[in-house]
Amino acid sequence: MSDPFELSDDPPFEPLAPRPAAPAAPTAPPVWVEKLNPEQRQAVETTEGPVLVLSGAGTGKTRVLTTRVGWILLQRRARPWQVLAVTFTNRAAREMRERVMQLIGPSAEAVWLGTFHALSVRILRRNAELVGLKSNFTILDSDDQIRLLKQIMEAESIDSKKWPAQGLMGVIQRWKDRGLTPDKVGGEGGSDYANGRAVAMYKAYQERLKTLNAADFGDLLLHCLTLFQTRPDILEEYQEQFHYVLVDEYQDTNVAQYLWLRLLTQKHRNLCCVGDDDQSIYSWRGAEVGNILRFEKDFPDAKVIRLERNYRSTPTILAAASHLIAHNEGRLGKTLRTGLDGIEQGAPIKVRGVWDGAEEARWLVGEIEALQRAGHPLDQIAILVRAGFQMLEFEERLITTGVPYRVVGGPRFYERLEIRDAVAYLRLIQQPEDDLAFERIINKPKRGLGETTIQKVHILARAQGVSMMEASMRMSETDELRPQARTALAGFARDMERWRSLRETVPPAEIAAQVLEESGYIEMWQKDKSPEAPGRLDNLKEFVSGLDEWENLGGFLDHVSLVMENDANAGEAGVTLMTLHSAKGLEFDTVFMPGWEEDIFPNRRALDESGEKALEEERRLAYVGITRARRRAFISFAANRRVYNQWQSSIPSRFVDELPKENIEQDADQGLYGSRGGGWSGFGESAAARSGAGISRRLGSDYGEFGKTGAWETQERVGANEFRIGDRVFHQKFGYGIVEGIDDSKLDIAFEKAGRKKVLDSFVEPSK
DNA sequence: CGTATATATCTTTTT
DNA sequence: GATATATACG
């Protein structure tokens, strides 16, 4: 805000204006440095040399980073554009920029601050030619990537059933995450994909990208590395420029990012990385926690600073989180303790078991309404789910109850069909070589250019080595095509040419409006009778008006592919609904974590893929979730859930058992998990201790609909599990089945109708 | 060439 | 249950 050191609006290259202290003398620390605790302050003031800050959840990591930038600038150790600060998400970058500006004023604008990807684009646009691209190259989104790879695999006649393009894309991305260009891939993981042709595919894909003048997400980093490695002179310029480099969420960096950092910091060696191994939740995307360990190896003189004082949560929440994460092995080991003087112990974490998903949503939103009545602001409440599909249930409930909410990271504005079409038009204007954009819109609206015509254009383009746009123009001169198709194609090419010529004189927003109108795209939706058509038209309007702030098309298109914000309902205050992954770095007074069930959380597929390693990562995710809460946390699980169209029975997540008993308050619907006797079977005990402590119950005769509670007759049972392999049993939802396996109170049952499922023994009864 | 109907696969997390 | 691709038909 108003700060004595605030600078004028002068451009970045203006040296810092002389302020209270004389230029040469070290500046006295301002209040915002003095307010820090000793460790934080050390992390801020150790500006020279490599520094590794191990920063637990809620220990003021962002504060340290922003203050450090402010301190460096205030001391005039570097000018704003000589500071490079890398974050992992756009949100973090934005927040950091705002906070630095509060400290030192508008000159913070010139700091190189952004995500790895955004910063790489900035470097690449300047040097595109050196890596075989033109500076107006397109950034492909994941949809384009898959489509392109599919085309290539089809051309190589690879069985798309056996080897889905998605899978190969994953392999390629992992290679890129490790900084491997096609020529550098050895026998590494996945090279046997598609009968060992994966590397060849990768190579073809990269070549195709180059002719399209396009780059995918991984390329942004990869091309930078290539640039730095092939052009030492360019590398040196950047090394020289960046006196100080800071990295947020360091535990989430992959190998390519690590190399990127190491190359850039070799000269000044003032690298400060902030991270927390317990919050590493992106290994599936190539992140290497090992980067933290390697840091001390590569920089033996690195100063390691631990931040362990938590300023966010109640002792109860801290204890629960610490207890849970202690189940992981191979941690660097930090002990979080409260840094808040005189804080109360705080309410226990409420853990609740319910009958099914609908009930869970009803209960959860009911709790939110109660909090609201008690005067808690809704924007201090969050619902954190493991995966996107879990959000629907809560959204519906929030809508019917009228509780305002917003979804973070849900379906994004720019991912909508009509917006992607509109973007494709603009992309083709900006970059005629963008064949993917061409194919997307060539027949939208219908111009009588179908499959066969497009194929012909495609073939000619490949044969002559030109873009499809260029090929279309050539074909409208010849008589290869039916006259109908030929005139349509010529017309489209002419329109495109005209729109392109507008770029010099007309602002982007106007071009977009004109293009969408003249192409007949708007008309297409106006004529459409489907219920979603009006909404799409609204979106298109919003799209055009959103373009207003942009002066050039290129900048806007970068924004679309890199930032992809969902600002649809960003402004409104309400409950926040998001995934655990996107919750990292945020905090709320109250946090709800539904769906703590085996197979959902921890996620089955993750476990299948990477076993124990994945389990630990899932546990870290749980840790991240709990530590988002300042004062209150709620955890819930349902006994039954509808997956696709089928009912599935589920058992509580093992993470529930891993919470410390003394910090939770257990609660379940009547009849569920034996709550009549207070607490459900074996809860809070280890799996071993629980063995044989199952509860059997019999169904009430008048049992009608599912979801009704209280219709159960419960009956505590003593002694060993009464079921044996081979027993015939009955389950209310799945019918009759045979027990095939027993693990504690969990039964593996082959049902006659519903197939094989894992079920808690308390949900089945013996049948003769 | 366009439209209508059937089908398979999807749901892990994101720049 | 929804969406994308495949197939058939007009």
Side-chain angles (χ1 to χ4, degrees), chain A residues 86-93 114-121 139-143 145-147 150 154 160-161 164-166 170 173 176-177 215-222 249 252-254 256-257 279-287 384-393 408-412 414-415 417 443-455 481-482 484-485 488 532 558-566 578-585 595 599-610 614 617-618 620-622 624-625 641-646 648:
Chain A
V86 196
T87 63
F88 196 63
T89 64
N90 293 297
R91 194 192 59 219
T115 61
F116 278 102
H117 298 271
L119 294 165
S120 295
V121 168
I139 302 163
L140 260 38
D141 61 38
S142 53
D143 212 68
Q145 292 177 41
I146 295 292
R147 275 197 296 151
K150 255 189 201 149
E154 226 160 273
S160 63
K161 290 261 151 39
Q166 295 272 13
Q173 255 157 16
K176 290 189 175 180
D177 287 339
D216 70 15
F217 263 90
D219 283 340
L220 300 178
L221 268 295
L222 205 57
E249 306 284 12
D252 288 331
T253 54
N254 60 36
Q257 289 160 341
Q279 293 187 63
S280 156
I281 53 177
Y282 283 101
S283 75
W284 51 273
R285 226 176 73 187
L384 309 181
V385 296
R386 171 69 240 269
F389 71 90
Q390 296 172 264
M391 294 204 242
L392 202 71
E393 208 144 35
V408 174
R412 298 173 174 110
Y414 292 114
E415 273 170 11
L417 176 98
N443 207 26
K444 274 184 202 174
K446 304 246 175 329
R447 298 183 174 90
L449 298 165
E451 189 80 19
T452 41
T453 314
I454 294 171
Q455 274 308 314
L481 295 172
R482 300 200 340 264
Q484 227 182 352
E532 57 268 21
D558 275 357
H559 169 80
V560 168
S561 25
L562 290 172
V563 183
M564 295 251 264
E565 278 181 282
N566 180 21
M578 64 181 145
T579 64
L580 285 160
H581 279 89
S582 44
K584 194 170 62 162
D599 293 1
I600 291 181
F601 190 40
N603 178 276
R604 157 102 285 136
R605 291 168 79 105
L607 258 43
D608 286 348
E609 261 168 50
S610 331
E617 181 145 320
E618 296 287 306
R620 289 194 291 269
L621 206 45
V624 167
R641 226 171 252 289
R642 190 156 51 185
V643 182
Y644 306 134
N645 225 358
Q646 282 219 307
Q648 280 211 294

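Note on naming: letters A, B, ... go to the chains in the order of the sequence lines (proteins, then strands), and numbering restarts at 1 for each one. Side chains included, hydrogens not; waters and symmetry mates left out as well; all remaining heavy atoms used.
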Exercise for review: Please state how far atom CG in A/Asn254 lies from atom P in B/dT14, giving the value in whole angstrom units.
Suggested key: 16 Å

Check your understanding: Of the candidate nucleotides B/dT11, B/dT14, B/dT15, which contains the atom at the shortest distance from the side chain of A/Phe217?
Key -> B/dT15

Review point. Does the ring of A/Trp284 meet both stacking tests against the six-membered base ring of B/dT13: centre distance under 5.5 Å and plane angle under 30°?
Key: yes

Exercise for review: Remember a base hit wins even if backbone is also touched, and classify A/Lys176 as base, sugar-phosphate or nothing at under 4.0 Å, heavy atoms.
Suggested key: nothing

Exercise for review: Write down the distance between CD1 (A/Ile146) and C1' (B/dT9), rounded to a whole number of angstrom.
Suggested key: 14 Å

Review point. Nearest of B/dT15, C/dT5, B/dT13 to any side-chain atom of A/Asn90?
Key: B/dT15

Revision key, fill the gap. Atom CG of A/Leu392 and atom C1' of B/dC10 are separated, to the nearest Å, by 14 Å

Check your understanding: Would you say a side-chain N or O of A/Lys584 is under 4.0 Å from OP1 or OP2 of B/dT14?
Key -> no

Exercise for review: Please lay out, stage by stage, how A/Leu621 and A/Phe601 fare under the test side chain to side chain contact (heavy atoms under 4.5 Å, CB included).
Suggested key: CA-CA 9 Å; A/Leu621 206 45; A/Phe601 190 40; 4.0 Å; yes

Exercise for review: Among C/dT5, B/dT15, B/dT11, find the nucleotide with the atom closest to the side chain of A/His117.
Suggested key: B/dT15

**Study point:** Separation of atom CD in A/Gln166 from atom P in C/dA4, rounded to whole Å
**Key:** 12 Å

Exercise for review: Decide yes or no on side chain to side chain contact (heavy atoms under 4.5 Å, CB included) for A/Leu220 and A/Leu562, but give the supporting numbers first.
Suggested key: CA-CA 11 Å; A/Leu220 300 178; A/Leu562 290 172; 3.9 Å; yes

**Study point:** For atom CD of A/Gln145 and atom P of B/dT14, their distance in whole Å
**Key:** 16 Å

Review point. Has the side chain of A/Gln257 got a donor or acceptor atom that lies under 3.5 Å from a matching backbone atom of A/Asn254?
Key: yes

Revision key, fill the gap. Here the distance between atom C1' of C/dT3 and atom CZ of A/Phe389, to the nearest Å, is 17 Å

Between protein and nucleic acid, restricted to nucleotides 1-7 of chain B and to nitrogen or oxygen atoms under 3.5 Å apart, what atom pairs and distances do you find?
| residue | atom | partner | partner atom | Å |
| --- | --- | --- | --- | --- |
| B/dC1 | OP1 | A/Gly450 | N | 2.9 |
| B/dC1 | OP1 | A/Thr452 | OG1 | 3.1 |
| B/dC1 | OP1 | A/Thr453 | OG1 | 2.8 |
| B/dC1 | OP2 | A/Thr452 | N | 3.4 |
| B/dC1 | OP2 | A/Thr452 | OG1 | 2.0 |
| B/dG2 | OP1 | A/Gly448 | N | 3.3 |
| B/dG2 | OP2 | A/Asn443 | ND2 | 3.3 |

Revision key, fill the gap. Interatomic distance, CZ@A/Phe88 vs CZ@A/Arg285, rounded to 0.5 Å, equals 3.5 Å

Point to revise | Between P of B/dT15 and CG of A/Leu140, the distance in whole Å | key: 17 Å

Check your understanding: Between A/Lys176 and A/Asp219, does at least one N-O distance fall below 4.0 Å, as a salt bridge requires?
Key -> yes

Study note, to complete from the structure: Hits for salt bridge (Lys or Arg N to Asp or Glu O under 4.0 Å) against A/Glu249, two or more places apart or cross-chain, chain-then-number order -> A/Lys61, A/Lys584

Check your understanding: Do the side-chain N or O atoms of A/Ser582 get closer than 4.0 angstrom to the phosphate oxygens (OP1, OP2) of B/dT14?
Key -> yes

Revision key, fill the gap. Per side-chain hydrogen bond (donor to acceptor under 3.5 Å, both in side chains), A/Gln145 is matched among A/Gln166, A/Lys150, A/Gln173 by A/Gln173

**Study point:** Heavy-atom donor-acceptor pair, A/Arg285 side-chain to B/dT13 base, under 3.5 Å
**Key:** no

Practice item. Give A/Phe88 one of three labels, base, sugar-phosphate or nothing, depending on what nucleic acid heavy atoms sit under 4.0 Å from its own. Key: sugar-phosphate

Point to revise | Separation of B/dT11 P from A/Leu607 CG (nearest whole Å) | key: 18 Å

